[in-house]
Amino acid sequence: MTTNLRTAPVLRDRTVNLPRAKLVERVDYTDDLMVIKMEPQGFDFNFKPGQYCTLGLDGIERAYSIASAPHESALEIFVELVPDGELTPRMWRMDVGDTMSIRPRPKGIFLMDASVSQHLMLGTVTGVAPFVSMVRDYLHHGRSGHRFYVLEGASYHDEFVYDAELADLAASYPDTVTFVPAISRPADARNVGWEGATGRLNNIVAEYLDKFGLDKSDALIYACGHPGMIETSREIVTAEGWKWTEERFWKE
Ligand SMILES: Cc1cc2nc3c(=O)[nH]c(=O)nc-3n(C[C@H](O)[C@H](O)[C@H](O)COP(=O)(O)OP(=O)(O)OC[C@H]3O[C@@H](n4cnc5c(N)ncnc54)[C@H](O)[C@@H]3O)c2cc1C
């Protein structure tokens, strides 16, 4: 019997032959934010802190920055639900034990630049993920000589998710880690009781560069997440001669 090519499916799932990663832990922080741990099945996924993996369901693939450090057994991913999106609503239906396709190799060049010693990291909500990986990895290896200033922005305080961990690290390693979470909607009822920093990252970055006393010749500013925050912050700081690197999660 000959195959009639006209009846062959037009769209083929390009991910069917890819390796799988199994969901081994899921913690929901808000209705639209969760942290999942994915265990690659039957292969080692070697990556550098700051890189991302490509995960898929039903043939739909997207990039996800890895929040875990390479020494950890599972890939930790901080995901935001995009209600009209193609992949994230499917991810929200996943339970522990379910699997996703995973491209076997990591991607990305958003890495810690060790040629400078001061690292100012601007992240909006899920954009904190690569910084968590970099800081965890750095401390895991007991390195010294570098200093991380993580400035995380969110609309609401319950969107920070890694705030307890970063605050603990800042308390335990005060010469290495500084953490400032800042909310942009202090008047909102959801933020009642908030006593920390306020303002959008692009509006407060100059103030914090000053407060931290960073040195332009020995500092790099990293920005990750919301493209609007990245664009506006980049314009402000590069005009002043600061070195800059960025990772945008989507296009506006
Ligand atoms: C290098 C890289 C790393 C990324 N890392 C992460 C990560 O760690 N965590 C994470 O949650 N996402 C991350 N993303 C975004 C992710 O790849 C998907 O775009 C996102 O999960 C939405 O997928 P979706 O299929 O549900 O929506 P899609 O169908 O792809 O998107 C629908 C629309 O929503 C826009 N959009 C995408 N993400 C958002 C968002 N968060 N808020 C508002 N609009 C958005 C898209 O541009 C598009 O217009 C990363 C993207 C890149 C390029």
Side-chain angles (χ1 to χ4, degrees), residues 11 13-15 18 21 23 25-38 40 45 47-70 72 74-94 98 100-112 121-137 150 152-156 158-163 165-166 184-185 200-202 222-232 234 244-252:
L11 288 174
D13 180 350
R14 291 174 301 122
T15 66
L18 287 177
L23 178 63
E25 191 181 307
R26 167 179 177 162
V27 180
D28 290 77
Y29 285 87
T30 65
D31 287 346
D32 57 4
L33 290 175
M34 68 175 177
V35 172
I36 55 175
K37 291 190 180 169
M38 304 296 301
F45 186 87
F47 67 97
K48 296 186 183 127
Q51 287 193 300
Y52 61 90
C53 58
T54 308
L55 297 173
L57 281 174
D58 304 331
I60 301 154
E61 295 179 284
R62 297 287 183 265
Y64 291 97
S65 287
I66 304 164
S68 46
E72 298 177 69
L75 301 173
E76 188 175 321
I77 313 288
F78 181 15
V79 198
E80 176 168 1
L81 173 68
V82 177
D84 299 331
E86 279 194 83
L87 182 59
T88 49
R90 286 176 163 84
M91 290 172 83
W92 247 253
R93 293 195 283 272
M94 291 197 310
D98 291 344
M100 298 183 79
S101 66
I102 180 168
R103 296 265 156 186
R105 273 179 286 282
K107 280 191 179 169
I109 53 168
F110 191 66
L111 308 173
M112 177 184 161
M121 302 168 148
L122 309 175
T124 47
V125 190
T126 50
V128 77
F131 308 135
V132 171
S133 179
M134 290 179 206
V135 171
R136 280 187 189 174
D137 182 67
V150 182
E152 189 182 4
S155 299
Y156 309 104
D158 53 357
E159 296 178 319
F160 290 123
V161 171
Y162 286 92
D163 51 345
E165 174 176 345
L166 290 166
S184 60
R185 298 185 189 176
R200 291 184 182 279
L201 293 187
N202 42 288
Y222 306 68
C224 185
H226 192 294
M229 176 283 286
I230 294 178
E231 186 59 30
T232 327
R234 186 180 63 80
W244 176 263
T245 182
E246 64 181 49
E247 180 109 284
R248 298 183 189 216
F249 277 3
W250 71 96
K251 292 194 179 84
E252 271 196 326

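Just follow the structure's listing: the first ligand is 1, and inside any ligand the first atom is 1.
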Task: From Cys224 atom SG to Glu247 atom CD, the distance as rounded to the nearest 0.5 Å - done: 5.5 Å

- [ ] Would you mind checking which non-hydrogen protein atom is closest to atom 9 (N) of ligand 1, with the distance to 0.1 Å?
- [x] Phe78 O, 2.8 Å

- [ ] Measure the spacing between CG of Leu75 and OG of Ser65 and express it to the nearest 0.5 Å.
- [x] 12.0 Å

Task: atom 26 (O) of ligand 1: nearest protein contact (heavy atom, Å) - done: Thr88 OG1, 2.6 Å

N/O donor-acceptor pairs under 3.5 Å from side chains in residues 52-59, not counting sequence neighbours:
from: Asp58; atom 1: OD2; to: Arg90; atom 2: NE; distance (Å): 2.8

Open item on the list: What verdict does the side-chain contact (heavy atoms from CB on, under 4.5 Å) test give for Met112 and Asp137, after you've listed the backbone C-alpha separation in whole Å, the side-chain angles of each residue and the deciding distance to 0.1 Å?
Closed with: CA-CA 10 Å; Met112 177 184 161; Asp137 182 67; over 6 Å; no

Task: Ligand-residue contact atoms, ligand 1 with Arg62, heavy atoms, under 4.0 Å - done: 17 (O), 18 (C), 23 (O), 24 (P), 25 (O), 28 (P), 29 (O), 30 (O)

- [ ] Return yes or no for this condition: an N or O of Glu80 is under 3.5 Å from an N or O of ligand 1.
- [x] yes

TODO: Please indicate, with yes or no, if any protein heavy atom is found under 4.0 Å from atom 49 (O) of ligand 1?
DONE: no

Open item on the list: Just so I know, are the side chains of Leu23 and Met38 near enough to count as touching, which here means a heavy-atom distance under 4.5 Å?
Closed with: yes

Open item on the list: Could you check whether Glu76 pairs with Arg136 (Lys NZ or Arg NE/NH1/NH2 to Asp/Glu carboxylate O, under 4.0 Å)?
Closed with: yes

Open item on the list: For atom 33 (C) of ligand 1, what's the nearest protein heavy-atom neighbour? Residue, atom name and distance, please.
Closed with: Val82 CG1, 4.3 Å

Task: Top protein contact for atom 16 (C) of ligand 1, by heavy-atom distance - done: Ala63 O, 3.3 Å

Open item on the list: Given 3.5 Å as the limit, does a donor-acceptor pair link the side chain of Arg26 with the main chain of Trp92, or not?
Closed with: yes

- [ ] Write out the residue and atom name of the closest protein heavy atom to atom 29 (O) of ligand 1, then the distance separating them to 0.1 Å.
- [x] Glu86 N, 3.0 Å

Open item on the list: Give the atom numbers and elements of ligand 1 that come within less than 4.0 Å of a heavy atom of Thr126.
Closed with: 9 (N), 11 (O)

- [ ] For ligand 1, find out whether one of its N or O atoms is nearer than 3.5 Å to an N or O atom of Asp84.
- [x] no

Open item on the list: Looking at Gln51 and Gly108, would you say the former's side chain and the latter's main chain have a donor-acceptor pair under 3.5 Å?
Closed with: yes

Task: Heavy-atom donor-acceptor pair, Glu165 side chain to Tyr162 backbone, under 3.5 Å - done: no

Open item on the list: Counting non-hydrogen protein atoms only, what is the nearest one to atom 51 (C) of ligand 1? Give residue, atom name and distance.
Closed with: Phe249 O, 3.2 Å

Task: Under-4.0 Å salt bridge between Lys37 and Glu72 - done: no

Open item on the list: Suppose I only count heavy atoms of Ser65 and a 4.0 Å limit; which atoms of ligand 1 are within that range?
Closed with: 3 (C), 4 (C), 5 (N), 6 (C), 7 (C), 8 (O)

Open item on the list: For atom 20 (C) of ligand 1, which of the options Trp250, Tyr52, Tyr64 provides the nearest non-hydrogen atom?
Closed with: Tyr64

Task: Sub-4.0 Å atoms of ligand 1 with respect to non-hydrogen atoms of Gly85 - done: 24 (P), 26 (O), 27 (O), 28 (P), 29 (O)

Task: Ser101 side chain to Leu18 backbone, donor-acceptor under 3.5 Å - done: no

Open item on the list: Only heavy atoms of Lys251, strictly under 4.0 Å: list the atoms of ligand 1 that pass.
Closed with: 47 (O)

Task: Polar contact flag for Leu87 and ligand 1 (N/O pairs, less than 3.5 Å) - done: yes

- [ ] Can you label the angle between the Phe110 ring and the Phe131 ring as parallel, tilted or perpendicular, going by 30° and 60°?
- [x] tilted

TODO: Using a 4.0 Å heavy-atom cut-off, say whether His226 meets ligand 1 through its side chain, its backbone, both or neither.
DONE: neither

Open item on the list: Applying a heavy-atom cut-off of 4.0 Å, say which part of Phe110 lies close to ligand 1: side chain, backbone, both or neither.
Closed with: neither

Task: Per-atom contacts, ligand 1 versus Val79 - under 4.0 Å to a heavy atom - done: 11 (O)

- [ ] Of the side chain and backbone of Arg248, name the one, both, or neither that has a heavy atom under 4.0 Å from an atom of ligand 1.
- [x] backbone

